[in-house]
Amino acid sequence: MHGFTDVDRQSDPNSWVDVLDRLTEEPFYRAYQQRVRQLLHPAPGRRYVDVGAGTGASAAQLKDEHGVSVATVDYALTMAAARQARGLTQSTVADAHHLPFLSDSFDGAWADRTLQHLADPHAAIKELIRVVRPNGRIVLADPDYDTQVLDIADQSLARRVLRFRADVLLRNGTLAHQHAGLLAAHGLVDVTTEPRTLLVRNPTAVDNVLGLRSWAATAAQRGVLDPADARAFEDQFDDAVVAHRFTYAVTFFLTAATVT
């Protein structure tokens, strides 16, 4: 499973805090997270919850920018310690499938790059709806790895490695384009979806393109890609970089709705 599925069990849990800190500095991430906060329709004095909050960077921004109260939830003790060290005192270690809050407790809730890692994203959506009072807002944000493209010489090989990312490395790597339908099915209204495409030309950007060069080797280690193909992928990756042809893209879906 992906490291963010269970940060505390990784060999170096704090390295995943560093990953989030690096991503927070990326212009693409700053921009789409600002839009996520806008979609909550925040107003002073209201109360919000960030589920799968990680280091809490976006929660802190919402709190400081709008004078609201923000609770944060994450499954990892490592992330809770990072949030508390940064002054987010309403920090809870809990399972997104079973939120420790009363019904109708918040004016809004969001889950940013969270549902892709969960065992049961449908149960988590139900919990988000449960804890948000009527007329409150819910915002979901995730990349949809069905939308990936990569420019290397062997496009068939590229697709095989990208499918590994979509179907094996992540529990729900292709769910994001269904978020709107899931919220509508639960009776939410004013459902909107906005695509935001992450386009990377510099292979050292966006945390080395989310570790893209290593995906093929990981696939080989797990027995789903021939080691020779994994080496070929790495060679073609490097060739694309040298030739200035390297291009990777994946689309994020920002989905928002109002609880009835």
Side-chain angles (χ1 to χ4, degrees), residues 2 4 16-44 46 48-68 70 72-74 79 82-83 86-88 107-117 128 137-151 162 165-166 170 172-180 183 190-212 246-258:
H2 193 282
F4 279 122
W16 295 91
V17 173
D18 295 338
V19 168
L20 290 182
D21 285 343
R22 289 193 296 270
L23 291 179
T24 298
E25 294 303 312
E26 292 284 348
F28 172 83
Y29 283 78
R30 288 203 303 269
Y32 96 73
Q33 288 175 342
Q34 181 181 31
R35 182 55 180 159
V36 165
R37 296 191 294 273
Q38 291 172 345
L39 289 168
L40 287 165
H41 299 170
R46 292 182 178 174
Y48 299 87
V49 61
D50 182 0
V51 177
T55 62
S58 194
Q61 287 275 85
L62 184 72
K63 178 175 175 287
D64 294 342
E65 291 171 355
H66 297 281
V68 300
V70 183
T72 59
V73 177
D74 199 283
M79 293 299 174
R83 293 196 302 277
R86 299 168 193 207
L88 288 165
D107 296 290
W110 79 102
D112 177 12
R113 287 171 293 149
T114 298
L115 296 185
Q116 63 181 327
H117 298 300
L128 290 171
R137 298 281 287 172
I138 289 177
V139 183
L140 308 175
D142 259 323
D144 193 312
Y145 286 98
D146 261 345
T147 67
Q148 294 177 108
V149 293
L150 171 65
D151 184 9
L162 298 181
R165 172 69 169 186
L170 292 161
N172 310 294
T174 63
L175 185 67
H177 70 279
Q178 300 178 52
H179 287 171
L183 293 180
D190 304 323
V191 181
T192 62
T193 301
E194 300 178 9
R196 297 294 173 100
T197 297
L198 170 64
L199 176 64
V200 186
R201 294 272 294 140
N202 176 1
T204 67
V206 195
D207 203 40
N208 294 306
V209 202
L210 309 175
L212 169 58
F246 177 86
T247 301
Y248 171 80
V250 63
T251 296
F252 286 51
F253 289 83
L254 315 185
T255 303
T258 301

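One-based numbering along the sequence shown.
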Review point. How close do Gly52 and Asp74 get, heavy atom to heavy atom, and via which atoms?
Key: C-OD2, 3.4 Å

Check your understanding: side-chain hydrogen bond (donor to acceptor under 3.5 Å, both in side chains) with Thr55: which residues, sequence neighbours excluded?
Key -> none

Check your understanding: Are Arg196 and Tyr32 in a cation-pi contact, defined as NZ or CZ under 6.0 Å from the six-membered ring centre and within 45° of the axis?
Key -> no

Check your understanding: Who passes side chain to side chain contact (heavy atoms under 4.5 Å, CB included) against His117, sequence neighbours left out?
Key -> His2, Phe4, Thr5, Leu170

Practice item. Verify, without hydrogens or angle tests, whether Asp146 (side chain) and Thr174 (backbone) share a donor-acceptor contact under 3.5 angstrom. Key: no

Point to revise | Nearest non-hydrogen partners of Ala256 and Val139, listed with the distance | key: CB-CG2, 4.0 Å

Exercise for review: Report yes if the side chains of Asp50 and Arg83 come closer than 4.5 Å at any heavy-atom pair, otherwise no.
Suggested key: no

Review point. Hey, are the side chains of Leu140 and Phe253 touching, using non-hydrogen atoms and a 4.5 Å cut-off?
Key: no

Review point. Are Val250 and Arg165 close enough, and set up right, to give a side-chain contact (heavy atoms from CB on, under 4.5 Å), and what steps lead you there?
Key: CA-CA 12 Å; Val250 63; Arg165 172 69 169 186; over 6 Å; no

Practice item. Take Leu40 and Trp110 through the side-chain contact (heavy atoms from CB on, under 4.5 Å) test and state the conclusion after the steps. Key: CA-CA 8 Å; Leu40 287 165; Trp110 79 102; 3.4 Å; yes

Check your understanding: When rounded to the nearest 0.5 angstrom, what distance separates CG in Asp190 from CG in Leu183?
Key -> 11.5 Å

Review point. Given side chains that start at C-beta, do those of Val17 and Met79 come closer than 4.5 Å, heavy atoms only?
Key: yes

Check your understanding: Is the backbone N or O of Leu162 less than 3.5 Å from a side-chain atom of Gln148, with the two atoms forming a donor-acceptor pair by type?
Key -> yes

Check your understanding: Glu194 versus Leu39: any side-chain heavy-atom pair under 4.5 Å?
Key -> yes

Exercise for review: Enter the distance from Tyr248:OH to Asp151:CG here, rounded to the nearest 0.5 Å.
Suggested key: 13.5 Å

**Study point:** Any Val70 side-chain heavy atom under 4.5 Å of Val49 side chain
**Key:** no

Check your understanding: Are Arg113 and Tyr29 side-chain neighbours, meaning at least one heavy-atom pair lies under 4.5 Å?
Key -> yes

Practice item. Using modelled atom types only, decide if a donor and an acceptor are shared between the side chain of Arg201 and the backbone of Phe246 within a distance under 3.5 Å. Key: yes

Revision key, fill the gap. Rounded to the nearest 0.5 angstrom, the NE2-CD1 distance for His179 and Ile138 is 12.0 Å

Point to revise | Distance-minimising heavy-atom pair for Thr197 and Ala249 | key: CG2-CB, 4.1 Å

Exercise for review: Tell me, with the steps shown, if Gln61 and Thr24 meet side-chain contact (heavy atoms from CB on, under 4.5 Å).
Suggested key: CA-CA 11 Å; Gln61 287 275 85; Thr24 298; over 6 Å; no

Point to revise | pair Pro143-Leu198: side-chain heavy atoms closer than 4.5 Å | key: no

Exercise for review: Say whether, by atom type as modelled, one donor and one acceptor occur between the side chain of Asp142 and the main chain of Gln116 under 3.5 angstrom.
Suggested key: yes

**Study point:** Arg37 side chain to Gln34 side chain, donor-acceptor N/O pair below 3.5 angstrom
**Key:** no

Check your understanding: Where do Asn202 and Val209 come nearest, in terms of heavy atoms and distance?
Key -> O-CG2, 4.1 Å

Review point. Is any side-chain heavy atom of His177 less than 4.5 Å from a side-chain heavy atom of Thr147?
Key: no

**Study point:** Presence of salt bridge, Asp21 and Arg86, under 4.0 angstrom
**Key:** yes

Check your understanding: Which heavy atom in Ala111 sits nearest to a heavy atom in Leu128, and how many Å separate them?
Key -> CB-CD1, 4.3 Å

**Study point:** Polar side-chain atom of Thr72 near backbone of Gly56 as donor-acceptor pair, under 3.5 Å
**Key:** no

Point to revise | Pairwise distance OH(Tyr48) to CZ(Arg137) - rounded to 0.5 angstrom | key: 10.0 Å

**Study point:** Over all atoms of both residues, closest heavy-atom pair of Lys63 and Leu88
**Key:** CD-CD2, 4.4 Å

Exercise for review: Find the distance between CD (Gln178) and OG1 (Thr255) and round it off to the nearest 0.5 Å.
Suggested key: 11.0 Å

Exercise for review: Determine, step by step, whether Leu254 and Thr193 satisfy the side-chain contact (heavy atoms from CB on, under 4.5 Å) criterion, reporting the C-alpha distance in whole Å, the side-chain angles of both residues, the deciding distance to 0.1 Å, and the verdict.
Suggested key: CA-CA 5 Å; Leu254 315 185; Thr193 301; over 6 Å; no

Review point. With Arg30, which residues qualify under salt bridge (Lys or Arg N to Asp or Glu O under 4.0 Å), at least two apart?
Key: none

